There are 2 protein chains.
Amino acid sequence: MVTKESKQRGRPRSFDRATALEKAILAFWENGYEATSVADLTRAMGIGAPSLYSAFGDKQSLFEEVVREYGVRYGSFTDRALEEEPTARAAVERILREAAVEYTDPAHPHGCLVIHAATNCTSREVEESLRARRNAWITVFESRIRADIATGELPADTDASALARHTGVIIQGMSQQARDGATRQQLEAVADLAMAIWPRPTRPDAPNHT
Amino acid sequence: MVTKESKQRGRPRSFDRATALEKAILAFWENGYEATSVADLTRAMGIGAPSLYSAFGDKQSLFEEVVREYGVRYGSFTDRALEEEPTARAAVERILREAAVEYTDPAHPHGCLVIHAATNCTSREVEESLRARRNAWITVFESRIRADIATGELPADTDASALARHTGVIIQGMSQQARDGATRQQLEAVADLAMAIWPRPTRPDAPNHT
DNA sequence: CGTATTTCCTAGTGGTCACTACAAAAATCA
DNA sequence: TGATTTTTGTAGTGACCACTAGGAAATACG
């Protein structure tokens, strides 16, 4: 759409698109999709309504871009853990620990935008989009766990589906608690407890990560 | 306010207040406080707006009554379990099992009204009221667990605070999952897993409940 | 019957919602 | 400079929001 090469022809934009988007992320994160009005957004982003609409489209497409950028800037710790850690158990443990920190970081609204921003929303489209994202997490966890069962890292009788869903329950419950005022230490204690249900590896040479 | 004794003087009410309230519960439960408009409510309750306002006050006081009645009709299983079960562990296990059933009951909206109905709400008052309710659960769990530590039912080194919060996380995560489409069986499997973190009793004669 | 009382329906109230028409402003290009 | 292009701020749009005034309707009392 807008190419950065050479000078633009018309009047230059008076705001930085990226920082305006960041402000929009914080606004939606704090109050959710529905409860954040376009007037709230223009105030938070420091631009007029016509500028918002010309730069980001309508409210819904701005929100979609917000969710994408949120995933990159604040939600990528899950993907990183799943890629970098050697086992599903280690990955989940790291995810829960980083979630405890991230969800209670005073630098931004508490909890997870994807979990809370569109609960009880009049736009079914927006609600469904975030629901699909949340359910995709569970599927990713499950396939990661199945991979560890295949290698013998986890016992053959491990219920991958239940373990994955339990992980999702813990993450989403932690996010809710963070919004309700739980501290980082309290969430870390919950993460500790939650990890206790993971079965021990069957291979005696398997890494232990305790 | 309205006494049931003897006949009323004026024109009789053309709707049953209790069933209208029940319809309001379902509407708020389905879509939350903010996203349920008064027009939605009058449609669901089958009455005109002036009747709604004269019978229930404004939208917020109707919602407060909805939350109270919801607690009695759909949320009392937690109180019952805490009263009737001999140990905190048994109570929590029963709560999780009944939550799995209740949160996925096709007869009404999924999940818990108190957890979801006012997340990301423009009315701070309503949001705070429900937040206080949720946080009260954790406190009740914790004191119940401390009581069991005192009797020796649970080990002296049990982290009552963390265990109570973990229980809250599980319940709230299960409610979120129920809204996202998890089945009763899936939630029951999560409840099974979650109970595995409970420490064994120290008193050898203590009931076991497995 | 008439009167008092309460509820009902109609038709609004002002306010906020997401969104935009329009023209001045600010840049590049000739 | 003047023409072109894009962004800007102003000032709205109709739609929906929670809520209500006012009078007709339906009951009980005397």
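For the numbers below, each heavy atom of this structure counts, side chains included, while hydrogens, waters and symmetry mates do not. Below, chains carry the letters A, B, ... as their sequence lines are ordered, and counting in each starts from 1. Just so it is clear, the model here is predicted, and its values are computed rather than measured.
No contact: B:Thr42 has no heavy atom under 4.0 Å from any strand. Using a 4.0 Å heavy-atom cutoff across all strands shown, B:Thr36 reaches sugar-phosphate atoms only and no base atom.
In this structure, CZ of B:Arg9 is placed 10 Å from P of D:dA28, rounded to the nearest angstrom. Here the P atom of nucleotide C:dC19 and the CD1 atom of A:Ile47 are 14 Å apart, to the nearest Å. Atom CG in B:Leu41 sits roughly 15 Å away from atom C1' in D:dC16 (whole-Å rounding). Straight-line distance from the CZ atom of B:Phe15 to the P atom of C:dT7: 9 Å, rounded to whole Å. The CZ-P distance, from A:Arg11 to D:dT7, rounds to 10 Å in whole Å. If you measure from atom CE of A:Met45 to atom P of D:dG9, you get 13 Å, rounded to the nearest angstrom.
A distance-only check finds a donor-acceptor pair linking the side chain of A:Gln186 to the backbone of A:Thr183 [under 3.5 Å]. A donor-acceptor pair is defined here as one N or O able to donate and one able to accept, closer than 3.5 Å; such a pair exists between the side chain of B:Trp29 and the backbone of B:Gly111. With hydrogens and angles ignored, the 3.5 Å screen pairs no side-chain donor or acceptor of B:Tyr33 with any backbone N or O of B:Phe28. Within the 3.5 Å criterion, the main-chain N or O of B:Leu41 finds no donor-acceptor partner in the side chain of B:Lys23.
Heavy-atom nearest nucleotides on DNA chain C were determined for B:Ala49 and for B:Ser14, and the one closer to the 5' end corresponds to B:Ser14. The residue among B:Gly10 and B:Ala39 whose nearest nucleotide of DNA chain D is located toward the 5' end is B:Ala39.
At a cut-off of 3.5 Å, with distance as the only test, no side-chain donor of B:Glu30 or B:His108 sits close to an acceptor on the other residue. B:Gln177 and A:Gln172 share a donor-acceptor pair across their side chains, judged by distance under 3.5 Å alone.
In this structure, B:Tyr103 and B:Phe77 have perpendicular ring planes: the angle between them is above 60°, well past the 30° mark.
The bend of the helix from C:dC1-D:dG30 to C:dA30-D:dT1, defined by the angle between the axes of its first five and last five pairs, stands at 10° to the nearest 10°.
For B:Ala147, the side chain to side chain contact (heavy atoms under 4.5 Å, CB included) test picks out no residue, with sequence neighbours left out. Shown here are the side chain to side chain contact (heavy atoms under 4.5 Å, CB included) partners of B:Ala44, two or more places apart in sequence or in another chain: B:Ala27. B:Leu96 meets the side chain to side chain contact (heavy atoms under 4.5 Å, CB included) test with B:Val92, B:Ile170, B:Ile171, B:Met174, B:Ala191, B:Ala194, B:Met195; sequence neighbours excluded.
The stretch residues 50-65 of chain B comes close to DNA chain C through B:Pro50, B:Ser51, each having a heavy atom under 4.0 Å from the strand. Of the residues in residues 22-34 of chain B, none lies under 4.0 Å from DNA chain C by heavy-atom distance.
Here the side chain of A:Arg13 is nearest to one of C:dC17, D:dT7, D:dA26, namely D:dT7. Taking only side-chain atoms of A:Pro12, from C-beta outward, the nucleotide of C:dA27, D:dA26, D:dT7 with the closest atom is C:dA27. Closest approach to the A:Ser37 side chain among C:dT7, C:dA18, C:dT28 is made by C:dA18 (side chain taken as heavy atoms from C-beta onward).
Look at A:Arg97 and A:Asp192 and you find a salt bridge, because one of the NZ, NE, NH1 or NH2 atoms lies within 4.0 Å of a carboxylate O, short of that distance.
Distance check: B:Arg68 CZ to B:Leu21 CG gives 9.0 Å after rounding to the nearest 0.5 Å.
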